[in-house]
Amino acid sequence: MSKNTPKAIRGTQDIFGSDADAFAHVVDTFERVRKLYRFRRIEMPVFEKTEVFARSLGETTDVVSKEMYSFEDRGGDSLTLRPEFTAGIARAYLTNGWQQHAPLKVGTHGPLFRYERPQKGRYRQFHQIDAEIIGAGEPQADVELLAMADQLLRELGIHDVTLHLNTLGDADSREAWRDALVKYFRAVKGDLSEDSQERLEKNPLRILDSKDRKDKPFLPDAPKIDEFLSDEARTFFEAVTSGLDAAGVKWVRAESLVRGLDYYRHTAFEFIPDEGSASADKLGSQSTVLGGGRYDGLIENLGGPATPAVGWAAGIERLAMLVGERDADIADVSIAVESDDLINTGISANTAIRAAGFSTEIIATGSPRKRFDKAAKVNAKVLLGISAQNGETVFNLRSAPGVEEYERIEAILKKLR
RNA sequence: GCGACCGUAGCUCAGUUGGUUAGAGCGCCGGUUUGUGGUACCGGAGGUCGGGGAUUCGAGCUCCCUCGGUCGCCCCA
């Protein structure tokens, strides 16, 4: 490789082979399950006006303040490559009058962009699948959404991942809890880790899931959200949990699970690999495989009417790491043209076999004597050698015993003559 | 943004305390053999050792800078 050759941008990936197959498998499975739950497919632009994200995620969040790919276009507008799906979907809901379809269940997938330090399961261009229910304020919507996520994971063959569930309460409950946490931690501020001292100002809820040894002694006695829940919020959460039980979705209560983005209310959740499981191993420190919650405040932030909504997103790369090796694509037929005179015969055979719906690979380059060996290395059900013997064209057809494609290919070749 | 480790052929990796022309396996291309569910042998192409600078008679190896990769922190899917 010349040193002039441009390199890929940091944190982007070129996905090939079995990785690409695993990626496609995740997307295909999502699409299938999506239809099972009657979520409608939507396609969204990859960029939006910067304010769409700034207003909905909150100016002070890390995502907005230091991770967005923002730029000015030629008309002078500030645009941003989407760092997440929800804000754009909320914007589309308002600008397209999708209120008329409420409650609206939608799903999409595609690339997202965040300027972060790449590491395992984390990229600057990454991909998510996403599901949202907009305009539904009842806990059944949360249950529906979580049941879908749970089934998706099971259909992907991922069984060592568990739903961690929490409630952040309504806006008032959340504020009261937050104030109590700040008060509690401020009293011991000097003993907290540096990170947590900073979090105390910016994002006190985050202290609860700090990994720092210095913080741990203070966590068990920290105020619990349950003490601040309004009756309404409590009833809501109970309806979610009992609904999950009825749907057969396993869950555990995670009192310290919070969401980083400001717009979340009530239900918050993450699917996390069980400790010591194979999935936990494969993901390293990027443990959350699917996460989301209720964001009743977001659409108002964008200037719309008060509109309740719930949603989740899952990293396709992370899921792909968990689904393991996919079976490689097997060709139906591998064709070796063992003489240059017969290349057109090979092309005709190739066309006829493909027209009948069989996948083929044709080997007609390089040393004629080695073409059969090359064709044999293609993972194919049927192997076809085309060679000349005593001036006659010979089709040498081979397969393992009982391969049903064999006879149909043989019939196609007979018609060819 | 912070920290640790790592960059040698297309891939996986050797390369001694700094010392001739940097190697192997696989893959690729070709020849011969075999004459068919993946043969064997022989040969060939392919490297400014990530890039730049410094030290030295001499650097793949030491030092500095830089770019990239991997993993962790932060944050998050």
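Atoms considered below: every heavy atom in the structure, side chains included; atoms not considered: hydrogens, waters and symmetry mates. Lettering of chains follows the sequences in order, A, B, ..., and the numbering in each one begins at 1.
Here Y37(A) pairs with Q151(A) under the side chain to side chain donor-acceptor pair (under 3.5 Å) rule; sequence neighbours left out. Every salt bridge (Lys or Arg N to Asp or Glu O under 4.0 Å) that E51(A) has, sequence neighbours left out, goes to R55(A).
G15(B) sits 15 Å from A9(B) when the P atoms are compared, rounded to a whole Å. Spacing between A54(B) and G7(B) at atom P, rounded to whole Å, works out to 24 Å. Straight-line distance between the P atoms of A24(B) and G35(B): roughly 32 Å, to the nearest whole Å. Here, U48(B) and A4(B) have their P atoms 30 Å apart, quoted to the whole Å. Across C64(B) and C42(B), the matching C1' atoms stand 48 Å from one another, rounded to whole Å. Rounded to whole Å, the P atom of G60(B) lies 12 Å from the corresponding atom of U16(B). C2(B) sits 22 Å from C63(B) when the P atoms are compared, rounded to a whole Å. Separation of the C1' atoms belonging to U34(B) and C49(B) is 40 Å when rounded to the nearest angstrom.
At a threshold of 4.0 angstrom between heavy atoms, the contacts of Y123(A) include nucleobase atoms, whether or not backbone atoms are also involved. Across all strands, G292(A) comes closer than 4.0 Å to no nucleic acid atom at all (heavy-atom distances). Within the nucleic acid shown, E338(A) comes within 4.0 Å of at least one base atom, counting heavy atoms only. K381(A) comes within contact range of at least one nucleobase, with a heavy-atom separation under 4.0 Å.
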Report summary line: With sugar-phosphate taken as primed atoms, P, OP1 and OP2 and all else as base, the protein-contact string of nucleotides 39-47 of chain B at under 4.0 Å (heavy atoms; B, S, -) is B--------
Heteroatom pairs (N/O) under 3.5 angstrom, protein to nucleotides 74-76 of chain B:
unit_1 : atom_1 : unit_2  : atom_2 : d
C74(B) : OP2    : K211(A) : NZ     : 3.4
C74(B) : N4     : R122(A) : NH1    : 2.4
C74(B) : N4     : R122(A) : NH2    : 2.9
C75(B) : OP1    : R199(A) : NH1    : 2.9
C75(B) : OP2    : R199(A) : NH1    : 2.6
C75(B) : O2     : E116(A) : OE2    : 3.0
C75(B) : O2     : R122(A) : NH2    : 2.3
C75(B) : N3     : R122(A) : NH2    : 2.8
C76(B) : OP2    : R206(A) : NE     : 2.6
C76(B) : OP2    : R206(A) : NH2    : 2.7
C76(B) : O3'    : R114(A) : NH2    : 3.2
C76(B) : O2'    : R114(A) : NH2    : 2.3
C76(B) : O2     : R318(A) : NH2    : 3.4

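Contact check for T167(A) versus R253(A): side-chain heavy atoms found under the 4.5 Å cut-off. You'll find the side chain of F372(A) reaches within 4.5 Å of the side chain of L383(A), heavy atoms only.
Side-chain proximity of K120(A) to G69(B), C71(B), G30(B): nearest is C71(B). Of the candidate nucleotides G1(B), U36(B), G37(B), G1(B) has the atom nearest to the side chain of Y115(A).
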Less than 3.5 Å apart, which donor and acceptor atoms pair up between the side chains of residues 208-219 of chain A and the rest of the protein, not counting sequence neighbours?
unit_1  : atom_1 : unit_2  : atom_2 : d
D209(A) : OD2    : R206(A) : NH1    : 3.2
S210(A) : OG     : D212(A) : N      : 3.0
S210(A) : OG     : D215(A) : OD2    : 2.6
D212(A) : OD1    : K214(A) : N      : 2.8
D215(A) : OD1    : S193(A) : N      : 2.8
D215(A) : OD1    : S193(A) : OG     : 3.4
D215(A) : OD2    : S193(A) : OG     : 2.8
D215(A) : OD2    : S196(A) : OG     : 2.6

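Without hydrogens or angle criteria, W312(A) side chain to L146(A) main chain gives no donor-acceptor distance under 3.5 Å. A donor-acceptor pair is defined here as one N or O able to donate and one able to accept, closer than 3.5 Å; no such pair exists between the side chain of T108(A) and the backbone of D130(A). With hydrogens and angles ignored, the 3.5 Å screen pairs a side-chain donor or acceptor of Q197(A) with a backbone N or O of K189(A). Under the 3.5 Å distance criterion, the side-chain polar atoms of E270(A) are left unmatched by any main-chain donor or acceptor of H164(A).
Spacing between atom CZ of F23(A) and atom P of A77(B) amounts to 17 Å, rounded to whole angstrom units.
Screening residues 107-128 of chain A for ring-ring contact (aromatic ring centres under 6.0 Å, His included), with sequence neighbours left out, gives F23(A)-H127(A), Y69(A)-Y115(A). Applying the side chain to side chain donor-acceptor pair (under 3.5 Å) rule to pairs touching residues 336-349 of chain A yields D340(A)-R371(A), sequence neighbours excluded. Listed by first and then second residue, the salt bridge (Lys or Arg N to Asp or Glu O under 4.0 Å) pairs involving residues 103-123 of chain A are K105(A)-E144(A), E116(A)-R122(A) (not counting sequence neighbours). Within the structure, the salt bridge (Lys or Arg N to Asp or Glu O under 4.0 Å) test picks out no pair touching residues 165-185 of chain A (sequence neighbours left out).
Phosphate proximity of U36(B) to K374(A): absent, as no side-chain N or O sits under 4.0 Å from OP1 or OP2. Between R369(A) and the phosphate of U32(B), there is a side-chain N or O to OP1/OP2 separation shorter than 4.0 Å. Under 4.0 angstrom from either OP1 or OP2 of G31(B) there lies at least one side-chain N or O belonging to S367(A).
Using modelled atom types and a 3.5 Å distance limit, the side chains of R354(A) and T360(A) yield a donor-acceptor pair. Residues T162(A) and D274(A) have side chains that bring a donor and an acceptor to within less than 3.5 angstrom of each other.
Within residues 142-162 of chain A, no residue is approached by RNA chain B to less than 4.0 Å at the level of any non-hydrogen atom. Near RNA chain B, defined here as any heavy-atom distance below 4.0 Å, there are no residues from residues 340-350 of chain A.
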Report task. Evaluate the side chain to side chain contact (heavy atoms under 4.5 Å, CB included) criterion for residues I225(A) and L168(A): first the C-alpha distance (whole Å), next the side-chain angles of each, then the deciding distance (0.1 Å), finally the verdict. Result -> CA-CA 7 Å; I225(A) 176 67; L168(A) 304 172; 5.5 Å; no
Query - Residues R41(A), K35(A); criterion side chain to side chain contact (heavy atoms under 4.5 Å, CB included); working and verdict - result: CA-CA 9 Å; R41(A) 173 78 200 203; K35(A) 288 174 194 158; over 6 Å; no
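The nearest heavy atom of RNA chain B to A8(A) and to F372(A) marks one nucleotide each, and the one closer to the 5' end goes with F372(A).
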Report task. Using a 3.5 Å limit on both pairing distances, list the dot-bracket string of RNA chain B from the 5' end; Watson-Crick and G-U wobble pairs count, crossing pairs take [ ], interstrand pairs take |. Result -> (((((((..((((.....[...)))).(((((.......))))).....(((((..]....))))))))))))....
